[in-house]
Amino acid sequence: MLDQTNVAPIAQIQGLRVEFQTKDGPVVGVENVSFDINPGETVCVVGESGSGKSVSSLSLMRLVEYGGGEIAGGRLLFDRSNGDQIDLAETSTSDMRRIRGNEIGMIFQEPMTALNPVFTVGKQLTEGLRLHKGMSKRAAEARALELMTQVRIPEPERRLKQYPHELSGGMRQRVVIAMALACEPRLLIADEPTTALDVTIQAEILALMDRLKRETGTAVMFITHDMAVVAQMADRVVVMYRGNKVEEGTVQEIFEDPQHGYTKALLAAVPKLGEMTGRQYPEPMKLLGSEDKPIEPIKGTEEVLLEVKNLTTRFPVKGGFFRRTVANVHAVEDLSFTINKGQTLSLVGESGCGKSTAGRSILRLVEPQSGSINLGGKDIMALNQRDLRTARLDMQMIFQDPFASLNPQMQLADQVAEPIYNFGTLKGKAVQERVEMLFDRVELPRSFMRRFPHELSGGQRQRVAIARALALNPKLIIADEAVSALDVSVQAQVLNLMMELQQEMGLSFLFISHDMAVVERVSHYVGVMYLGRIVEWGTRSQVFENPLHSYTQALMKAVPIADPRKRKDEKDLNFKPIPSPIHSTRYVAEPSEYVEVDPGHHLLVTDSGY
Amino acid sequence: MLTFTLRRLILSIPTLLFISFIIFGLLQLAPGDPMAQVPLTVPPEVKQKMREALGLGAPWYVQYYKWLIQFFWIEPKIFIDYLTNTSFLLGWLPDTSFYNGELRVISWQTRSPVMDIVIQRMPQTLWVVGLSYLVGIVIAIPIGIYSAYRHYSVFDQAGTFVTMVGFSIPPFFTGPLLIVIFSVYLGWLPSIYDTTHVVTDWESFKVQFYQMIMPVMVLALQTTAQISRYMRGAMLDNLNQDYVRTARAKGLREGVVVMVHVLRNSMIPVVTVIALGMPAIFGGAIITENVFKVNGIGQLLLTALFANDLPMVMTLTFIFAILIVLFNLIADILYGLLDPRIRYD
Amino acid sequence: DGHEGERGRDGEVKIIYWQAPSILNPYLSGGTKDLESASLVLEPMGRYDETGALVPYLAAEIPTVENGGVSEDLTSITWKIADGMQWSDGTPVTSADLVFTAEYCMHPEGGCAQASKFDGVSSVEAIDDMTVKVTFSEAKPNPYGPFMGAQSPILQKAQFADCLGAKAPECTEANFNPIGTGPFTVTEFRPNDVITMAANENFRHEGKPAFASLTFKGGGDAVAAGRAVMETGEFDYAWNMQLAPDVLAKMAEAGKGTPISAFGTLVERIEMNMTNPSPDLPEGERSTVAHPHPILSDFNVRKALSMAIDRPLLVEVGYGQAGRPTCNLVPAPALYASDNTECLTQDIEGAKALLEEAGWTDTDGDGVREKDGMKLSLLYQTSTNAVRQDFQALIKDWWSQIGVETELRNLDASVFFGGDPGSPDTFQKFYADVEMYANNFDGTDPQAYLSAYRCGNEPKPSSQWQGENINRFCNEEYDTLLDELSRTGELDKRGEIAKRLNEIITKDTMTIVPLVDRGRVSAASNTLGGVILNTWDSELWNVADWYRMK
Amino acid sequence: MTEQAIPASPIEADIETFGALVDKEPQKPPRSQWKDVWDQFRKHKGAVFGGGFLLFITLGVIFGPWLWDVDPKTLDIRNKNWRPIYTLLWDDAAKAGWAHPFGTDQLGRDILAQMIAGGRVSMAVGWLAMALALLIGTAIGVVSGYFKRLDFLLMRFTDLVLSLPILPLTLLAVTLFRQPLNARFGPEGGMFILIVGIIGLTSWMQTARIVRGDILALKEREFILAARSIGTTSGKIIRRHLLPNVISPIMVSATLGLATAIITESALSFLGVGFPSDYPTWGKLLADAVQRMQDFPERVLLPGIAISLTVLSVNYLGDGLRDALDPRIRGR
Ligand SMILES: Nc1ncnc2c1ncn2[C@@H]1O[C@H](COP(=O)(O)OP(=O)(O)OP(=O)(O)O)[C@@H](O)[C@H]1O
Ligand SMILES: Nc1ncnc2c1ncn2[C@@H]1O[C@H](COP(=O)(O)OP(=O)(O)OP(=O)(O)O)[C@@H](O)[C@H]1O
Ligand SMILES: [Mg+2]
Ligand SMILES: [Mg+2]
Ligand code: NI
């Protein structure tokens with residue numbers, strides 16, 4: 001599908017310019033962007049975080065206006081299904097309404113806030129269907145169920161009746177995807193659709209979108225920072241940088257013969273699975289522009305910092321008219337691991353397997369049912385609220401959804417400085433300096449210190465969250481998908497920053513991620529989670545080079561490779577239905593038992609459900 | 001939720017007992033005398049005799065105990081008897097006769113059972129105050145929604161202006177003003193509400209309608225102002241949320257976006273305001289009822305207060321307290337139902 | 001002009017009382033609203049007419065010493081029921097009903113509001129079916145207490161037989177729907193709201209009442225009631241139009257109705273506290289005779305305060321046609337009313353001079369006089385009521401002109417007139433220097449009224465702050481005269497003594513400073529005929545004669 | 001990793017520092033958030049009008065007595081019932097003149113002076129009572145929404161206060177506290193404190209319920225979780241994260257509360273438990289004038305307009321403040 005010149009493009013963006021009014025005067029979100037999208041084609045838009053990807057896509061939907069933006073110039077030509085060509089920038093709102101959701105579907109970047117908290121998933125999914133397709137309630141529900149299955153949400157029937165906050169980040173993301181796909185739009189805009197997903201599901205979603213494209217000729221505008229995904233999906237690639245398009249070409253051209261410096265730098269920063277093979281310890285990446293820095297492996301110590309034993313966290317499921325507890329979500333089930341000082345344990349696993357819950361349980365942000373948590377000799381489970389607060393001085397968390405975890409009413413500088421004020425670790429001017437330093441380190445311009453969360457791009461928000469976690473110099477950071485929303489170049493820098501800090505200060509990380517390449521880069525140990533349990537854990541090399549559990553093996557196989565010539569075929573992936581973590585209140589979970597295959601390499605022997 | 005509701009219901013019994021005790025104490029301590037309205041020509045000894053006949057001489061705990069028994073034991077018996085004997089709903093049940101002539105809660109002013117009067121007063125209060133509440137809500141919600149949606153439009157400004165002026169002018173002014181305009185100058189509407197009027201046909205319905213217009217409107221003005229303000233505020237808070245963008249991206253009509261997605265979220269605080277205002281319906285509207293001579297519960301309470309008719313005041317206040325506790329419970333339950341994120345356990 | 005005709009020819013008449021009746025049994029409530037609404041149904045043996053003269057209703061004639069109805073020694077009175085008197089249910093009125101009525105009110109546990117009417121009654125016995133003799137334990141110069149006037153109508157024994165004493169309040173049905181002899185019968189009684197009545201088919205006068213039905217609405221305020229009669233014409237008669245004269249006049253301009261007024265014995269007055277109300281005194285000694293008032297004990301101050309007041313102006317501002325300036329506590333009937341008019345002209349200069357003379361001088365130039373370090377500063381309290389507040393403002397202004405500082409306080413009427421001994425704000429406790437309110441007496445005889453100021457009758461802690469001598473007035477001459485009055489039966493002589501008593505307490509001692517003789521004002525529709533306002537009995541005393549003018 | 005030289009490109013300069021976003025403009029010195037709030041506030045026409053009018057009224061009632069030094073309590077019965085000066089425009093014969101620009105009442109007291117004096121009291125009562133109610137309401141609402149354990153107790157307490165009959169309560173308070181307060185603050189000062197106290201203490205319940213409701217929902221948001229994870233104490237969570245997010249209902253309560261307080265004050269005077277009768281307040285001027293509404297409409301209109309405009313101004317002020325405090329709106 002490389003040669004489509006004879007087909008008229010479905011959408012043409014010509015010289016788009018978008019401005020935002022902020023208190024410091026107008027800010028340009030997109031300066032000058034032009035590219036076409038042809039039917040049945042996937043155009044991947046890559047680029048630095050904050051380069052205007054989301055804004056361009058929102059402009060195409062004419063939704064920037066509602067966020068305070070204004071299309072200051074350019075044309076957005078769109079081919080209606082009946083063959084008319086219209087300029088979206090000038091279309092009436094009523095026409096826009098018929099196009100939105102029906103002819104153009106959009107997947108939003110941040111799934112938590114993108115869903116209405118008070119409606120069930122089912123209601124939000126069927127809404128568009130009933131509107132555009134005129135389906136009956138029943139038909140729409142059947143279709144919704146089908147969509148939920150397509151995006152591989154476990155137990156779709158029940159999920160339809162759940163509220164957004166009851167789903168894991170990945171599930172919410174998939175709901176948003178399902179919503180965008182619902183009406184089989186002719187143009188699908190996907191803004192970082194798989195960022196929150198683990199590789200297996202990502203692979204499935206990508207396959208799904210690919211299939212859709214092939215079968216219905218849907219054009220896809222795919223925004224991502226993940227070059228591997230680009231390689232996997234794209235027909236053509238548009239590279240954006242600071243509000244401009246800097247390069248455009250077919251996927252082969254971009255990967256094999258990048259022209260622009262930024263594209264090169266981008267490709268250089270992509271972590272590749274297998275890069276670390278043979279190395280015992282993680283080490284920072286070599287980055288363009290800092291080649292001369294010596295690369296030192298990070299050894300860490302063998303001293304145990306955090307010891308988690310038999311951690312179990314369950315959520316009650318309410319049902320019936322009186323909303324009684326009818327069952328429990330066994331989000332984390334008999335979880336045990338240790339983290340050494342100065343080392344990183346990565347938790348990987350499919351979406352909804354309980355990674356975030358595990359992380360939160362350690363901080364006791366959700367109260368675990370049972371288990372013990374020991375941080376540097378302190379029994380976290382035994383602490384009262386006051387001591388718990390001081391204990392949190394040593395452990396910090398970066399939340400999965402950066403937007404939701406930032407107070408919409410507070411300036412970013414204050415939010416980053418807040419932990420410092422809380423514990424009074426610094427006083428007076430030093431606070432300001434520290435905040436500035438943190439902004440510099442996470443590569444955010446200082447002028448952002450006075451902005452509010454909604455004025456940032458997704459990746460920028462994530463960096464604010466990282467800066468906040470670093471503010472206290474904690475001993476342990478639980479990084480829940482901390483870098484998944486970042487573009488690769490920044491991701492590489494942030495990863496390097498984290499490793500640097502680890503080297504310097506002996507920080508430990510519990511690194512929750514789905515990006516296997518990143519995990520390989522940063523971890524000393526890796527734990528693979530499935531259905532609330534760790535199915536395999538050992539050193540990085542043990543897990544990556546010798547995966548024993550069948551789930552781990554499937555996971556490894558699903559990792560996309562940043563090379564357009566090594567695309568995975570849908571047939572290679574074997575998808576297994578995901579069992580439910582929900583059990584009736586009477587259910588007794590069996591304990592996890594492990595065998596030590598190699599020294600330090602543990603394998604779950606009891607049934608994992610996989 | 002069931003356990004929550006049950007627990008709250010059970011806990012509300014001691015709460016109410018405590019409230020009744022506090023109200024009783026307050027009324028006992030407050031100055032005032034049921035003899036205040038007896039003319040000065042009646043000599044003090046006679047007044048003293050009258051007081052004793054009312055049971056005023058007894059120590060407070062005896063009075064309180066008597067009231068408790070009467071209210072919680074004897075009155076319910078009468079109510080059950082009524083239900084099984086004559087009521088339409090349960091009249092088919094075998095007739096009971098639990099009540100055998102014990103002393104009921106007796107009003108000092110009228111020397112008749114308080115509950116009978118309350119029941120007699122219910123219809124007009126419910127009609128006028130209840131209807132005004134309904135009208136108020138029905139007007140307020142669209143105003144609030146539209147004002148927020150067209151933030152700072154002419155409509156918003158005008159709506160704000162009218163509602164705030166309406167709210168800041170007390171009913172003891174608006175009431176007579178309307179009367180002067182519509183009853184005195186124009187002669188369209190009656191200035192005095194006829195509580196004995198019965199609606200039997202279209203003509204009598206029109207009469208009823210005419211006499212209700214003014215009191216309902218005066219009261220509705222207050223409700224409208226209040227609820228539309230809260231509504232507008234809540235809508236403004238929600239209109240900027242991300243999920244609204246999602247809803248728009250689905251191609252929903254603005255109407256649906258606003259009326260379904262935003263409204264549901266914004267209704268959460270407003271529903272509480274509405275629920276909390278409910279007891280006030282049964283409590284009547286003291287000033288407005290008085291101005292238009294609607295003579296509902298509010299007027300009853302006012303006259304009882306002025307006459308220091310403690311059993312009446314006590315019983316009315318306490319019924320009011322029960323309603324408040326009940327509606328707060330309902331508000332809490334609604335809250336949990338409207339916002340799935342809120343947990344009550 | 002439509003006077004005559006058959007019963008019920010004029011349809012409906014509507015009466016509005018801005019205070020709503022709560023019960024129709026006058027023996028259980030002293031409230032005017034209750035008495036007057038009950039007077040439509042229940043009737044006494046005789047009533048006072050608009051001149052204060054006695055008129056027989058159920059009685060064949062009014063018993064007097066002359067006609068032998070009253071014994072020479074004034075210790076008994078014999079009432080004879082006229083022939084053919086019937087209850088509205090058709091049964092005859094008999095002496096048993098009278099005897100029962102007396103029994104009902106005199107029952108010790110009944111809490112009868114009209115007990116004072118039966119004061120001194122030693123027995124009530126039926127001589128025969130139609131005759132009842134009331135015997136008093138001592139001579140009663142005014143024996144017309146029982147069975148006379150709106151306060152003491154006859155109850156039907158058959159209806160109230162089971163309602164004696166403690167059982168009185170349980171007879172709700174009887175209390176709300178009493179069977180009477182009056183022109184109307186109760187159709188429905190809604191306490192504190194509305195009463196609907198129908199003409200009494202067994203009423204003794206042929207062709208009366210002219211109205212077939214009557215609606216008696218309660219609630220609202222005087223303005224609204226006046227409006228309903230005079231401006232919108234929705235009602236025919238409104239009671240007690242206590243409104244500023246200009247407001248009333250304005251309403252009358254609308255042309256649908258007219259205010260009518262008549263004078264009785266109600267006098268708005270300022271009472272001087274002869275005892276010290278200072279909060280510095282221990283509780284239980286404030287406002288008691290143990291501590292004379294530091295300022296008001298001085299006659300000159302009291303006199304000066306009175307002189308500074310412009311009574312005609314007060315009337316003009318507050319009552320208009322419904323008020324007359326007066327210097328008397330007993331302004332009527334003529335027999336008992338003193339002709340003192342000395343106080344009617346304001347004399348600011350005279351008042352100043354008087355104070356100056358008495359040693360009250362403004363030494364520090366702050367406009368307030370002092371004497372012996374004591375500032376001439378008074379606390380002036382009254383109940384809350386628009387006219388009274390205007391009076392307060394005016395009087396405060398005049399007093400400030402003579403160098404008296406005044407602090408005003410107005411209290412809720414239910415507190416102020418309530419006798420709650422626990423409240424510091426009752427008029428009996430008198431925790432203020434001067435207070436203003438109105439009072440009158442029942443019927444035409446002032447004896448009981450004047451006896452209130454007997455030495456020792458003052459409210460005090462030992463009497464639970466009950467007592468009628470509000471000023472804590474104590475004067476030997478006065479007490480001697482009172483005794484004489486109670487022994488005197490001869491009317492002219494009684495008049496002499498009463499006038500003297502009145503002057504002692506007002507003119508001579510300035511203990512009570514009368515301001516306004518307040519009449520009754522009501523409003524009647526211009527189409528309503530036969531209304532005669534009566535201040536000596538129920539205003540609705542002659543409702544049977546009302547008719548609709550064509 | 002490839003380490004080749006970077007070819008020239010249109011935005012070569014940026015590549016040097018690639019990755020890191022730099023400010024396009026020189027960095028401005030950090031400004032306080034309140035300055036932004038103020039900037040936004042200034043842009044809000046209604047708020048500026050409201051604020052301006054409030055300032056005008058406040059200054060007017062504070063300094064009015066110096067400009068218009070007629071004593072509001074002085075009676076001048078011969079010059080009663082003057083009409084306001086503007087009636088001369090259409091009626092030459094009207095009793096009016098510059099001596100009493102707003103006319104006089106039925107006792108000849110100058111209405112302008114009364115308006116000024118009444119404004120002082122009404123404004124003071126309104127503001128203080130509203131502030132008191134807001135303070136209590138917000139405090140109770142926040143505490144009971146945030147601390148589950150106190151919720152039941154506090155909400156039942158709210159129920160209790162809601163069900164207390166206000167008139168007997170006021171009478172009781174007057175009986176109990178008038179003496180001591182009078183002794184300490186004088187009859188007017190004492191009454192003032194009493195009235196402010198009573199109104200404030202009996203009108204916070206709605207605010208409390210609404211704030212509590214909002215807090216209950218906010219508490220479940222993730223940024224509160226995040227705040228806890230960085231060791232923010234409950235007190236600070238409330239102050240920094242919760243309160244700014246419930247500002248909108250609080251503002252509404254404030255506006256409605258001011259109006260209610262001013263009116264309740266007049267109702268209290270009306271029932272005879274308020275200020276001494278010769279102590280004018282807007283509410284009382286209005287209540288007293290209702291009787292003569294037809295003949296002297298200005299007597300109801302003047303205080304009525306004063307109350308309405310004040311309430312309206314506070315409302316606009318609240319709106320402006322609310323918008324200014326919401327960064328999503330402020331950005332525009
Ligand atoms: N409402 C807003 N007000 C001010 N500036 C904004 C606003 N929304 C976006 N921007 C700015 O516009 C620029 C482009 O943002 P955009 O969201 O398109 O980035 P992006 O390419 O999607 O980045 P990411 O990959 O991190 O999501 C950013 O610099 C951002 O700070
Ligand atoms: N508040 C909650 N109430 C009920 N169930 C919940 C709640 N939070 C999480 N869960 C459930 O717990 C399970 C684990 O969720 P968790 O968020 O830990 O997943 P995760 O591994 O972080 O997934 P992802 O990678 O998608 O973020 C999911 O089935 C989810 O639906
Ligand atoms: Mg983006
Ligand atoms: Mg997660
Ligand atoms: Ni390289």
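Numbers restart at 1 for each chain; the letters A, B, ... are given by sequence-line order, proteins then strands.
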Checking A:R389, A:R386, A:Q385 against D:T233 for side-chain contact (heavy atoms from CB on, under 4.5 Å), the one that qualifies is A:R389
Search all heavy atoms of [X] against all heavy atoms of [Y] and return the closest pair with its distance.
X      : Y      : answer
D:S229 : A:L365 : CB-CD1, 3.6 Å
A:S405 : D:A226 : O-CB, 3.5 Å
A:Y421 : D:K236 : O-NZ, 4.0 Å

**Report entry** Region of D:R228 in contact with chain A, defined by heavy-atom distances below 4.5 Å
**Finding:**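 For D:R228, the contact with chain A is made by backbone and side chain together.
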Quiz item: Looking at A:R360, A:M397, A:E247, which has the largest count of heavy-atom pairs under 4.5 Å with chain D?
Solution: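 Top count of heavy-atom pairs under 4.5 Å with chain D: A:R360.
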Highest number of heavy-atom pairs under 4.5 Å with chain D among A:R468, A:E418, A:Q415 belongs to A:E418
Margin query: More than 12 heavy atoms of other residues, nucleotides or ligands under 6.0 Å from CZ of D:F56: yes or no?
Written below: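 Not buried by this count: 12 neighbours or fewer within 6.0 Å.
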Note to self: Can you tell me which of D:N245, D:I224, D:I247 forms the most heavy-atom pairs within a distance under 4.5 Å of chain A?
What the structure shows: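 Most heavy-atom pairs within the cutoff with chain A belong to D:N245.
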Open item on the list: In the structure I gave you, are the side-chain heavy atoms of A:P453 and D:F223 within less than 4.5 Å of one another anywhere?
Closed with: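 A side-chain contact is absent here, since even the closest heavy-atom pair is not under 4.5 Å.
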With side-chain contact (heavy atoms from CB on, under 4.5 Å) as the criterion, how do D:E220 and A:H165 come out once you've worked through the C-alpha distance, each side chain's angles and the decisive distance to 0.1 Å? CA-CA 10 Å; D:E220 304 295 329; A:H165 74 283; over 6 Å; no
Under the 3.5 angstrom rule, does the side chain of A:R392 hit a backbone N or O of D:I230 as a donor-acceptor pair?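 Side chain of A:R392 to backbone of D:I230, a donor-acceptor pair under 3.5 Å: no, none is there.
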Checklist entry - Do A:Q409 side-chain atoms and D:H241 backbone N/O form a donor-acceptor pair below 3.5 Å? => result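 Looks like no, no N/O pair under 3.5 Å.
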Which bit of A:L393 is near chain D, if near means a heavy-atom gap under 4.5 Å: side chain, backbone, both or neither?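 Neither; nothing under 4.5 Å.
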